[in-house]
Structure formats: structure tokens, C-alpha cells
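The structure appears right after this line, and notes come after that.
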There are 2 protein chains.
Amino acid sequence: MFRDIPLPHLDISNIRSSCASCSLRELCLPVGLNDQEIHILGDVVSHKRRISRGGYLHRTGIKFQSLFAIRSGFFKTCVLEEDGRQQVTGFHMTGELLGLDAISSDIHTCDAIALEDSEVCEIPFTKLEEISLVIPSLMRHFHKIMSREIVRDHGVMLLLGSMKAEERLATFLLNLSRRFCMRGYSESEFNLRMTREEIGSYLGLKLETVSRAFSKLQDENIITVDNKRIQINDITRLRLKMGNSSCVT
Amino acid sequence: MFRDIPLPHLDISNIRSSCASCSLRELCLPVGLNDQEIHILGDVVSHKRRISRGGYLHRTGIKFQSLFAIRSGFFKTCVLEEDGRQQVTGFHMTGELLGLDAISSDIHTCDAIALEDSEVCEIPFTKLEEISLVIPSLMRHFHKIMSREIVRDHGVMLLLGSMKAEERLATFLLNLSRRFCMRGYSESEFNLRMTREEIGSYLGLKLETVSRAFSKLQDENIITVDNKRIQINDITRLRLKMGNSSCVT
DNA sequence: CGAGGTATTGACCAGTATCAAGATGCGTGG
DNA sequence: CCACGCATCTTGATACTGGTCAATACCTCG
């Protein structure tokens, strides 16, 4: 999408110790490391990769080698069944770690697809485990990241198991809003990177239902929808949508 | 909470190096450790706890100290929302590890409730992290366990997001069957430890729907249901139920 | 043996899926 | 820069799954 900004970025894979100077260090793996530790990590993480919109970062079934930290861009991950059924398991933004599912079997268990031109830092997992042994705080933080992913998944299970369409969408928008906000973007206005169908897959709904839920929230003046552009007009009422199905008129 | 039950089983907490002699060592945390390593782990894991049916192993909101390995018994974990909505996030049997969700924030994010009289090994997490630094294979296995939990959750998300009631129940029964089988029990005949309501919560269905799905599978002679006793008569046809909604008559 | 929790089944209804038609937006090539 | 074509989105009509409510049966445990 922003592909042809005229950057001379061939050099980028050669920058060493990049974690130290990365603007995402407070969101990403290096949280809580001192300067020396962050340089050790930086040496391990030196390789970068660009994935253009629609490209695969990894596919189900391929051998697991590395985790990936998102430096810029936006990804979806999805699992699919033999019969072709597909489920988006998550949307991922800068600072988040991809590939955690693959540690268990050394094989990736989902696809990771870029929803816009993106850049990731490749973290060879064996090396990460090695340096974890000498940087206990890195190990601890890594455990927290994995655990956070489990908590996140439980939240999605709650959503899929017990919420109605409108509640699901409200929860989804508020989650995006919070994550954009954490990264310094507006919490009330943002562009969706994914289609209605992808949102639907994530939320366990059909795309038409997602579209209707958007329209309904717009009719109530809670949000303004202009295709992929979302503006949250009344975040309080949006929050109410999330929890309280009984007060729907 | 059940600390002051007048237990005659004080002796049990004094057994040392228990992992070495535990019949679950091939299912549980010690997988892949040598004898020396397993004794180090055993020293850390020495404390045991009994939870009687209906009792809490941990509750949402309490401080996280330890992981728990299930030595005997059966647990459910569930998350709940402010508005009282509840979702069972998993059923857990011997050899499985509970508490992984709490690592991220040092606070338990779900309840763990025994569905039958159970016994767990308490694993102080700080100590586990400490000995991981000197037993790399333990660290690696622990990472695999966390990752496996993430994969499991993605499977549940797929189930909740894209399967019909009957497919969900078939998937659930086959999953239980496989796990009983791995533990040396019959894969075709077992007792459910949970109620229809708990199954429903886990599968994103109401208890009546679960009951109807059981009856339907029984009418088709795929399973025999006698209250909590389940017998799988035709595992092949049950597997077909799981994937292929198009061939339902 | 009785009470409370649990399970089954039926009738009806709500919410979402499905099918279909059209509108809008976006990328590509002329 | 415009026009075309394809993907995406919106909206309506209808069908169907599963939810809700209710009555009854069953099981378990004190």
C-alpha cells in the first residue's frame, strides 16, 4: 500500500543491534532488559524480512525455525481444516510476536499473512532459547508473552462462545482501539486493514452479519463507518454494547 | 481454602523427588529429562495438594505463585465476565499443567475447579524458572507445553467459530477419547466428569442443545449414552461428523 | 425416601446464515 | 486521466439452527 515510498532501504538488513534503537522496544521482546542484554538480543535478531501485502510470513505445515516480531505492518493468522473451513485466529500489529504456536511441534500450525506491506524481525528460536539461559529477565518476559497469548485466546473463546453479533463487533473494535492507542495512534479513528469477511471469520460470523452490525452501530450514532475507515463517536456507549445484551432496545 | 481440613494425609507432602517415580513422567513436565535433572525438578515440586470435588484449585484474581500439575482427578477452567457470563475454557486431566494463563500478569485469570476428587503437584513458578536456567531441556519442554496450549486454544476457536452443534460435540468426544486413550484407558467407553451445562459452556451451546446432539448421535447408533457414561460404537462415523457438515441428512 | 440437581424432550421464537441483487471502491491497463 | 472489471460491501427476503421456556423424568446423595 505504501510500497513505493522511494526508500533506499537495502541497508536495513545490515543494521546490527537494532533492538537497542528500535522504537518498539517497550512493546516488544526487549521489555525490561538492560543495555548490555539488549545488545545480546539485538545480535540474535539482526535479520529482517519484508512481506508485501498478501504475502505469507509462514504457512501451516512448514518447519519452524524462527519467531517473528512485527516491526511495521499488519498480519492475520488463520488455521484451516481439511474441508476448507478457515478461521482467522488473530490480527497482529507492531511489536507483537508471531510463531508461538509452532514451538510445540516444530511445525507451523497456522498461516500468517500480511494485510499490508510489512516488515518483521526474524528471531531464530534456538538462539533465543540459548540467550534466555544467560538473560533470565528475557526468559521471564518471554514466558509472560506466551501466557498473554493464552489469556487473549481465552478472551476470544468467551466472545465466540457467549456473545451476540453486535457484542462481538463492539468488543473487537474496542480491542483494536486500545491497541492502536498503545502505539500512539488515535483510539477513536482508524483504518481497518482487514475485510468484512476476515472480521467475520475472526468473530465467528458471516460477512453480511458483520456488515449489518456495523450499520446498526452507525444508525445508533455510536460509530461512523466509511468503508474501512472507522470513527468511534461514543466510546462509552460502545463499551456498553460489549457487556450488556439485556439493554438492547 | 481447604487448608484446614483435618487431613490424615500429611505424609504425602513429604515424599521427595516424587517426579522420578511418578507414573505420569512421560506425560507431564519431566518429559525428556535425565535422572539427575528429574531429581532437581522433583525437589522443587515436592508439595502436593488435594482438592475435593467442587473445590477451587485457584480463583480469578488471586495472586499467582505456582503452576499445578494434575496427578489424579479432573478439572475445568473457566473465565467469567462482569455480567456473570461464564465460559468453560478447558477440561484438564492427569499430567496436564494448570495456571499458565496467570504467568502474564501474576494474577490468575480463570477459575480452576475440580470435577472429581483430585490431587495436584504444586510447582512454584519462580523456582521452575530458576532451575530452567540450569536444565535447558526443561526450559525447552516448558515452552512446548505453553505453545501446545496456544494450539489447543486455536482449535477451540475454530470449533466455536465455524462448527455446528453436532460437529462440536463429535469433536469434543473424539478429543476426550484420544486423551483417555493416551492415559491407558478405553478410547471407546468412558465416563464424563462434567455436566451437560459445562459441556455446553465449553462448546458455546446451551445444555438442551448438547442433550439433543447426544440423542441424535445415539439415534444414529454412533454412540450409546447412559447419562454420563458414553460408549462410542462407530468411531469412524463419529469422525465423519466432525468434519463434514454437508453430508448430514 | 425425599429433595435438589441434572437430563430429556417438545413447542415456539430469536438471531444468524443463506441467497440474491445492486452499489461502491480499487487496481490495472489503455 | 479515464474506463473497465473484479473484489468488496450493503441491504433485503427467506430459511434454519440453536436458544428459550416449560413440563417431566431421572439420578444422586444425604
Side-chain angles (χ1 to χ4, degrees), chain A residues 1-4 52-54 76 85-88 113 115-117 159-170 172 191-220 223-230 241 245-249, chain B residues 52-54 76 85-88 113 115-117 159-170 172 191-219 223-230 241 245-246 248-249:
Chain A
M1 189 162 307
F2 298 100
R3 175 169 331 175
D4 23 37
S52 45
R53 186 155 123 90
K76 70 170 176 179
R85 248 182 308 201
Q86 184 180 339
Q87 168 95 17
V88 172
I113 299 168
L115 296 182
E116 60 183 39
D117 290 354
L159 177 145
L160 292 172
S162 67
M163 289 188 186
K164 296 209 202 305
E166 199 181 36
E167 303 174 298
R168 295 184 195 192
L169 188 64
F172 172 71
N191 275 306
L192 298 174
R193 270 69 170 184
M194 69 295 282
T195 66
R196 302 289 191 262
E197 186 170 21
E198 288 161 338
I199 296 172
S201 174
Y202 182 62
L203 298 179
L205 301 168
K206 293 292 158 183
L207 70 95
E208 295 95 328
T209 308
V210 173
S211 181
R212 280 184 240 273
F214 269 124
S215 300
K216 179 139 185 287
L217 289 174
Q218 177 159 245
D219 289 347
E220 299 178 57
I223 63 175
T224 304
V225 184
D226 176 18
N227 201 13
K228 304 237 159 153
R229 181 131 210 100
I230 302 295
K241 285 288 173 187
S245 58
S246 54
C247 70
V248 175
T249 42
Chain B
S52 44
R53 187 157 123 85
K76 70 170 176 179
R85 249 182 309 201
Q86 184 180 338
Q87 168 94 15
V88 172
I113 299 169
L115 296 181
E116 60 183 40
D117 291 354
L159 177 145
L160 292 172
S162 68
M163 289 188 187
K164 294 208 202 306
E166 199 182 35
E167 303 174 298
R168 295 185 196 192
L169 188 63
F172 172 70
N191 275 305
L192 298 175
R193 270 69 170 185
M194 69 295 280
T195 66
R196 302 290 190 263
E197 186 170 23
E198 287 161 339
I199 297 171
S201 173
Y202 181 61
L203 298 179
L205 301 169
K206 293 292 158 180
L207 69 96
E208 295 94 329
T209 307
V210 173
S211 183
R212 279 184 242 271
F214 270 124
S215 300
K216 179 137 184 290
L217 290 174
Q218 177 159 246
D219 289 347
I223 63 174
T224 305
V225 184
D226 175 19
N227 201 13
K228 304 234 161 155
R229 181 130 211 102
I230 302 294
K241 286 288 174 186
S245 57
S246 53
V248 175
T249 43

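In what follows, every chain begins at residue 1, and chains take the letters A, B, ... in the order their sequences are listed. Because the structure is a prediction, the values reported are computed rather than measured.
A/Thr224 meets the side-chain contact (heavy atoms from CB on, under 4.5 Å) test with A/Gln218, A/Gln231, A/Asn233; sequence neighbours excluded. With sequence neighbours excluded, no residue satisfies side chain to side chain donor-acceptor pair (under 3.5 Å) with A/Asn227. Among residues two or more places apart in sequence or in another chain, the salt bridge (charged side-chain N to carboxylate O under 4.0 Å, His left out) test is passed with B/Arg53 by none. With sequence neighbours excluded, the residues satisfying salt bridge (charged side-chain N to carboxylate O under 4.0 Å, His left out) with B/Arg193 are B/Glu116. By the salt bridge (charged side-chain N to carboxylate O under 4.0 Å, His left out) test, B/Glu208 pairs with no residue at all, sequence neighbours left out. The salt bridge (charged side-chain N to carboxylate O under 4.0 Å, His left out) check on A/Lys206 picks up nothing, with sequence neighbours excluded. With sequence neighbours excluded, no residue forms a side-chain contact (heavy atoms from CB on, under 4.5 Å) with B/Ser211.
Here the CG atom belonging to A/Leu169 is positioned 9.0 Å from the CZ atom belonging to A/Arg196, to the nearest 0.5 angstrom.
Inter-residue side-chain proximity for A/Ile230 and A/Phe214 is flagged as met; some heavy-atom pair is nearer than 4.5 Å. Residues A/Lys76 and A/Met194 fail the side-chain proximity criterion, which asks for heavy atoms closer than 4.5 Å.
In this structure, B/Ser211 does not reach the C/dT9 phosphate: none of its side-chain N or O atoms is under 4.0 Å from OP1 or OP2.
Among all heavy-atom pairs drawn from B/Glu167 and B/Lys241, the shortest one is CG-O, 3.3 Å. Of all the heavy atoms in A/Val88 and A/Glu198, the pair that sits closest is CG2-O, 3.9 Å. The two residues B/Thr209 and B/Ala165 come nearest to each other via the heavy atoms CG2-CB, 3.8 Å.
For DNA chain D, the residues of residues 192-201 of chain A within the heavy-atom distance limit of 4.0 Å (strictly under) are A/Thr195, A/Arg196, sorted by number.
For the pair A/Arg229 CZ and D/dC9 C1', the interatomic distance rounds to 18 Å; values are reported in whole Å. One atom, CZ of A/Phe214, and another, C1' of D/dT10, lie 12 Å apart when rounded to the nearest Å. For the pair A/Leu217 CG and D/dT11 P, the interatomic distance rounds to 13 Å; values are reported in whole Å.
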Would you list the protein and nucleotides 15-18 of chain C atom pairs, both N or O, that sit under 3.5 Å from each other?
{"unit_1": "C/dT16", "atom_1": "OP1", "unit_2": "A/Ala165", "atom_2": "N", "d": "2.7"}
{"unit_1": "C/dA17", "atom_1": "OP1", "unit_2": "A/Lys206", "atom_2": "N", "d": "3.4"}
{"unit_1": "C/dA17", "atom_1": "OP2", "unit_2": "A/Lys206", "atom_2": "N", "d": "3.2"}
{"unit_1": "C/dA17", "atom_1": "OP2", "unit_2": "A/Thr209", "atom_2": "OG1", "d": "2.3"}
{"unit_1": "C/dT18", "atom_1": "OP2", "unit_2": "A/Lys206", "atom_2": "NZ", "d": "3.4"}
{"unit_1": "C/dT18", "atom_1": "O4", "unit_2": "A/Arg212", "atom_2": "NH2", "d": "2.9"}

Polar atom pairs between nucleotides 27-30 of chain D and protein, under 3.5 Å, N or O only, would you list them?
none

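Axis orientation changes by 50° from one end of the helix from C/dC1-D/dG30 to C/dG30-D/dC1 to the other, with each end axis drawn from 5 pairs and the value rounded to 10°.
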